[in-house]
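Proteins get letters first, then strands, A, B, ... in listed order; numbering begins at 1 in each.
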2 protein chains.
Amino acid sequence: MTRTHHQHPRFQLRLVSGKDVVIGPGKADLLDAIGRTGSISSATREMGLSYKKAWQLINTMNEHFAEPVISTVSGGSQRGGAELTDFGHRVLEQYRALQARLTAENAPETQALLDLLAPADAPDP
Amino acid sequence: MTRTHHQHPRFQLRLVSGKDVVIGPGKADLLDAIGRTGSISSATREMGLSYKKAWQLINTMNEHFAEPVISTVSGGSQRGGAELTDFGHRVLEQYRALQARLTAENAPETQALLDLLAPADAPDP
DNA sequence: TTCCGTTATGTATAAATGGAAATAGCGGGA
DNA sequence: TCCCGCTATTTCCATTTATACATAACGGAA
């Protein structure tokens, strides 16, 4: 296999508006990677996706949120890069907080649905 | 426009296992439509998707859940059809219950994230 | 036996998606 | 001035995904 996939059953959360996914697991991970690595490019290398795709993901976020989620610099002594804006940090933080509500500990309904899965999907092996 | 899209920003929930989406908004709506209409075919006509696609969605659900979510009949006086199994009803019910936890009323974090959207996305117009 | 609408499946085509690669501009340092 | 790695964008191509269409079987009624 070329890429490790999360194997265990899990819940994913998306904020959708019209036809666009404003934020979801992939965009949240991208924001996190940009914040950690300091550039879009390095984030894409780490995550294994194309720069174009990453830019599109960021662009749709910027289109739907009230403020840009990252600020970018091209050129300069650091040869450019990107970092999360304060607003971007808040977006990521709120998304993570909401995501945390979906864990089995906090939401009894999640466990009830996981219990309906086949044994092969091993909710808790 | 050819199809009405939900326009308001909303949260969507998916249960994912490996590379498959076990259940999400689309599959839940499909289960609902089958339960209401009494057949896969009529559900697809109502929802505007192909029979093959619907069958595949059902198939992946049946592959991941402990029991089939629908029971089907081909031929007969009613000329065949489909209905939700008791298990399928439980799946849909639990999914809806979990989805309900994502409403702004119940989860303060949802409103906090919606408040970060641009005015054009009109969280509460 | 023929007819009906459905389930179930395969095949071929169209549409959407994603990636690879090329290109231009940025701006500080050597 | 040239060089570097990054941002930003376009074009082309491969992959994926979905649709359209065709086919067979089902089983009760007429």
Take atom [atom1] of [X] and atom [atom2] of [N], then tell me their distance rounded to the nearest Å.
X	N	atom1	atom2	answer
Ile40(A)	dC6(D)	CD1	P	11 Å
Tyr51(A)	dT10(D)	OH	C1'	14 Å
Arg79(B)	dA25(D)	CZ	C1'	16 Å

Between CG on residue Leu15(B) and CG on residue Leu117(A), distance to nearest 0.5 Å: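 The CG atom of Leu117(A) is 5.5 Å from CG of Leu15(B), to the nearest 0.5 Å.
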
Rounded to the nearest 0.5 Å, what separates atom OG in Ser41(A) from atom CH2 in Trp55(A)?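 Rounded to the nearest 0.5 Å, the OG-CH2 separation comes to 13.5 Å.
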
Which is the 5'-most and which the 3'-most nucleotide of DNA chain C that has an atom under 4.0 Å from a heavy atom of chain A?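 Contact span on the strand: dG18(C) to dG28(C).
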
What residues form a side chain to side chain contact (heavy atoms under 4.5 Å, CB included) with Lys53(B), not counting sequence neighbours?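 Applying side chain to side chain contact (heavy atoms under 4.5 Å, CB included) to Lys53(B) gives Leu49(B), Ser50(B), Gln56(B), Leu57(B).
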
Could you walk me through whether Val22(A) and Val16(A) pass side chain to side chain contact (heavy atoms under 4.5 Å, CB included), step by step? CA-CA 5 Å; Val22(A) 179; Val16(A) 175; over 6 Å; no

Under the criterion side chain to side chain contact (heavy atoms under 4.5 Å, CB included), I'd like the reasoning laid out for Met61(A) against Leu31(A): C-alpha separation, chi angles, the key distance, then a yes or no. CA-CA 10 Å; Met61(A) 282 191 275; Leu31(A) 287 185; 3.8 Å; yes

Provide the full list of side chain to side chain donor-acceptor pair (under 3.5 Å) pairs with a residue in residues 70-95 of chain B, sequence neighbours left out, each pair given once.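 For residues 70-95 of chain B: none.
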
All side-chain hydrogen bond (donor to acceptor under 3.5 Å, both in side chains) counterparts of [X], not counting sequence neighbours:
X	value
Arg36(A)	Asp32(A), Glu46(A)
Thr44(B)	none
Asn62(A)	none
Asn59(A)	none

Here's a test of your reading of the structure: between Trp55(B) and Arg45(B), which maps to the more 5' nucleotide of DNA chain C?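 Result of the comparison: Arg45(B).
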
Pair Val21(B), Thr60(B) - check side chain to side chain contact (heavy atoms under 4.5 Å, CB included), show working. CA-CA 8 Å; Val21(B) 176; Thr60(B) 67; over 6 Å; no

Is there a donor in the side chain of Asp121(A) and an acceptor in the side chain of Ser17(B), or the other way round, less than 3.5 Å apart?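 The criterion, which ignores hydrogens and geometry beyond distance, is satisfied for Ser17(B) and Asp121(A).
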
Using a strict heavy-atom distance below 4.0 Å, which residues from residues 70-78 of chain B are in contact with DNA chain C?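 Under 4.0 Å from DNA chain C: Thr72(B), Val73(B), Ser74(B), Gly75(B).
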
Check against side chain to side chain contact (heavy atoms under 4.5 Å, CB included), Ile23(A) and Val91(A): CA-CA 9 Å; Ile23(A) 190 170; Val91(A) 166; 3.7 Å; yes

Quantify the bending of the helix from dT1(C)-dA30(D) to dA30(C)-dT1(D) as the angle between its end axes, each fitted on five pairs, to 10°.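 For the helix from dT1(C)-dA30(D) to dA30(C)-dT1(D), the axes at opposite ends meet at about 20°.
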
Please produce a list of atom pairs where a protein N or O lies less than 3.5 Å from an N or O of nucleotides 18-23 of chain D.
residue: dA18(D); atom: OP1; partner: Lys53(B); partner atom: NZ; Å: 3.4
residue: dA18(D); atom: OP2; partner: Lys53(B); partner atom: NZ; Å: 2.7
residue: dT19(D); atom: OP2; partner: Ser50(B); partner atom: OG; Å: 3.2

How close do Ile40(B) and Ala54(B) get, heavy atom to heavy atom, and via which atoms?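 Result for this residue pair: CG2-CB, 4.0 Å.
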
Within the structure shown, what part of the strands sits under 4.0 Å from Ser39(B) by heavy-atom distance: base, sugar-phosphate, or nothing?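 Here Ser39(B) touches the backbone only, sparing every base.
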
Under 4.0 Å between a Lys/Arg side-chain N and an Asp/Glu carboxylate O for Arg96(A) and Asp29(A)?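 A salt bridge is present here (some side-chain N lies under 4.0 Å from a carboxylate O).
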
Short of 4.0 Å, heavy atom to strand atom, which residues of residues 80-92 of chain A count as contacting DNA chain D?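 Heavy-atom cutoff 4.0 Å gives Gly80(A), Gly81(A), Ala82(A).
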
